[in-house]
Amino acid sequence: MFSPLYLIVMLLGAGITLWAQWKVQSTYKKYAQVRNVRNMTGLDVARVLMRNEGLDHVRIEQIGGELTDHYDPRAKAMRLSAGSIAHPSVAAMAVVAHELGHALQDQQGYAWLRVRSGIVGIVNAGSQLGGLLLIAGLVLGTFSRAGLAIAWIGVLLMSGGAIFSLVTLPVEFDASARARAMLERYGLVTRQEAEGVKAVLDAAALTYVAAAATAILQMLYYVSLLMRRR
């Protein structure tokens, strides 16, 4: 299982992930230092957008860390870091609007968000069990064909992670598109600030693209491994 090809796949996946993380962090830090013309904090932006988009039912909660912001559809809560809530930066506007984009998806029953929310539990359980079955199947496959069948079941279960990462892409891209549209619709950003918002959101999207690419690379490796064993 731990062949030179496996090492290459892991290094390639790690490289893609690290590059995406560097890109989003560097872009975020750049625009976190750019004060928006209206001098609006992320919380100010959230209140304006929530009032105009009929999202007053969404709770705003503060969480620790940086770039930890997210929307919880089960709790109907938008959880924002201190930087996003209190700073009047272009980056804060982008982050808050993006999370409210998810809130709009939830309110309107956006299909891909419903799919992602529906499969997350199954995917997590399947990935854990699949990893165990893959290892057990590879060991048993040395002695019997039944072991190879078990390994294939493991790979099938683990493929849920790759599917989840692919389903996440339209959810995130759509939330970013909604974010940009809302900020421009209500005149909260200048043309230059709109470009900064786009840069922040595009950089953040790279992390999801990187996750999907890494998951697919891993699955292709496991499939090729089992094909060679057969």
Side-chain angles (χ1 to χ4, degrees), residues 1-32 63-73 79-81 83-84 90-99 101-102 105 110-113 115-128 130-131 134 154-180 195-225:
M1 184 172 178
F2 297 100
S3 65
L5 179 59
Y6 181 80
L7 181 60
I8 292 172
V9 169
M10 292 300 101
L11 289 176
L12 183 58
I16 294 172
T17 300
L18 289 174
W19 175 77
Q21 290 177 346
W22 169 81
K23 182 66 175 178
V24 68
Q25 289 175 358
S26 62
T27 304
Y28 174 82
K29 288 180 180 179
K30 174 183 177 180
Y31 287 100
I63 56 174
E66 184 180 78
L67 294 174
T68 51
D69 313 82
H70 64 278
Y71 172 73
D72 184 347
R79 301 190 175 107
L80 303 173
S81 62
S84 297
V90 171
M93 299 178 82
V95 171
V96 168
H98 177 85
E99 299 311 327
H102 286 309
Q105 291 174 337
Y110 182 63
W112 287 113
L113 179 66
V115 171
R116 187 178 71 169
S117 299
I119 67 174
V120 61
I122 298 172
V123 167
N124 289 336
S127 295
Q128 295 177 1
L134 175 61
V155 170
L156 181 62
L157 290 173
M158 293 173 65
S159 68
I163 294 172
F164 182 83
S165 66
L166 290 174
V167 170
T168 295
L169 294 179
V171 174
E172 296 300 329
F173 290 151
D174 180 76
S176 291
R178 291 171 185 261
R180 293 169 57 194
E195 293 176 357
V197 166
K198 183 178 185 300
V200 172
L201 296 177
D202 286 350
L206 288 176
T207 60
Y208 299 102
V209 174
T214 300
I216 291 171
L217 282 172
Q218 290 177 347
M219 293 312 304
L220 289 175
Y221 169 75
Y222 294 139
V223 169
S224 67
L225 176 65

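The minimum heavy-atom distance between Gly65 and Ser81, with the atom names listed, is O-CB, 3.2 Å. In this structure, Ile16 and Ala210 approach most closely via the heavy-atom pair CG2-CB, 3.5 Å. Looking at every heavy atom in both residues, Ile122 comes nearest to Gly118 through CD1-O, 4.3 Å.
The line from CE of Met219 to OG1 of Thr214 is 13.5 Å long, rounded to the nearest 0.5 Å. Atom CG of Asn124 is separated from atom CD1 of Ile119 by 9.5 Å, given to the nearest 0.5 angstrom.
The backbone N or O of Leu113 lies less than 3.5 Å from a partner atom in the side chain of Ser117, making a donor-acceptor pair. In this structure, Asp69 contributes its side chain and Val95 its backbone to no donor-acceptor pair below 3.5 Å.
By the side-chain contact (heavy atoms from CB on, under 4.5 Å) test, Ala203 pairs with Lys23, Val24, Thr27, sequence neighbours left out. For Asp174, the salt bridge (charged side-chain N to carboxylate O under 4.0 Å, His left out) partners at least two apart in sequence or on another chain are Arg178. Remark: Ile63 pairs with Thr68, His70, Arg79 by the side-chain contact (heavy atoms from CB on, under 4.5 Å) rule, at least two apart or across chains. Annotation: side-chain contact (heavy atoms from CB on, under 4.5 Å) contacts of Ala94 (sequence neighbours excluded): Val197, Val200, Leu201. Taking Tyr71 as the reference, Asp106 meet the side-chain hydrogen bond (donor to acceptor under 3.5 Å, both in side chains) condition, with sequence neighbours excluded. Listed by chain and number, the residues in a side-chain contact (heavy atoms from CB on, under 4.5 Å) with Gln128 amount to none (sequence neighbours excluded).
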Would you sort out whether Phe173 and Val209 count as a side chain to side chain contact (heavy atoms under 4.5 Å, CB included), showing the intermediate values?
-> CA-CA 10 Å; Phe173 290 151; Val209 174; 3.9 Å; yes
Kindly determine whether Glu66 and Tyr28 satisfy side chain to side chain contact (heavy atoms under 4.5 Å, CB included), including the steps that lead there.
-> CA-CA 10 Å; Glu66 184 180 78; Tyr28 174 82; 3.8 Å; yes
I'd like a table of donor-acceptor pairs (distance under 3.5 Å, sequence neighbours excluded) in which one partner is a side-chain atom from residues 154-172, with atom names and distances.
{"from": "Ser159", "atom 1": "OG", "to": "Leu156", "atom 2": "O", "distance (Å)": "2.5"}
{"from": "Ser165", "atom 1": "OG", "to": "Ala162", "atom 2": "O", "distance (Å)": "2.6"}
{"from": "Thr168", "atom 1": "OG1", "to": "Phe164", "atom 2": "O", "distance (Å)": "2.9"}
{"from": "Glu172", "atom 1": "OE1", "to": "His98", "atom 2": "NE2", "distance (Å)": "2.8"}
{"from": "Glu172", "atom 1": "OE1", "to": "His102", "atom 2": "NE2", "distance (Å)": "3.2"}
{"from": "Glu172", "atom 1": "OE2", "to": "His102", "atom 2": "NE2", "distance (Å)": "3.4"}
{"from": "Glu172", "atom 1": "OE2", "to": "Arg116", "atom 2": "NH1", "distance (Å)": "3.2"}

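Annotation: side chain of Tyr221 is not in contact with side chain of Leu217 (no heavy-atom distance under 4.5 Å).
Applying the salt bridge (Lys or Arg N to Asp or Glu O under 4.0 Å) test to residues at least two apart or on different chains, the pairs with a partner in residues 198-207 are Lys198-Asp202.
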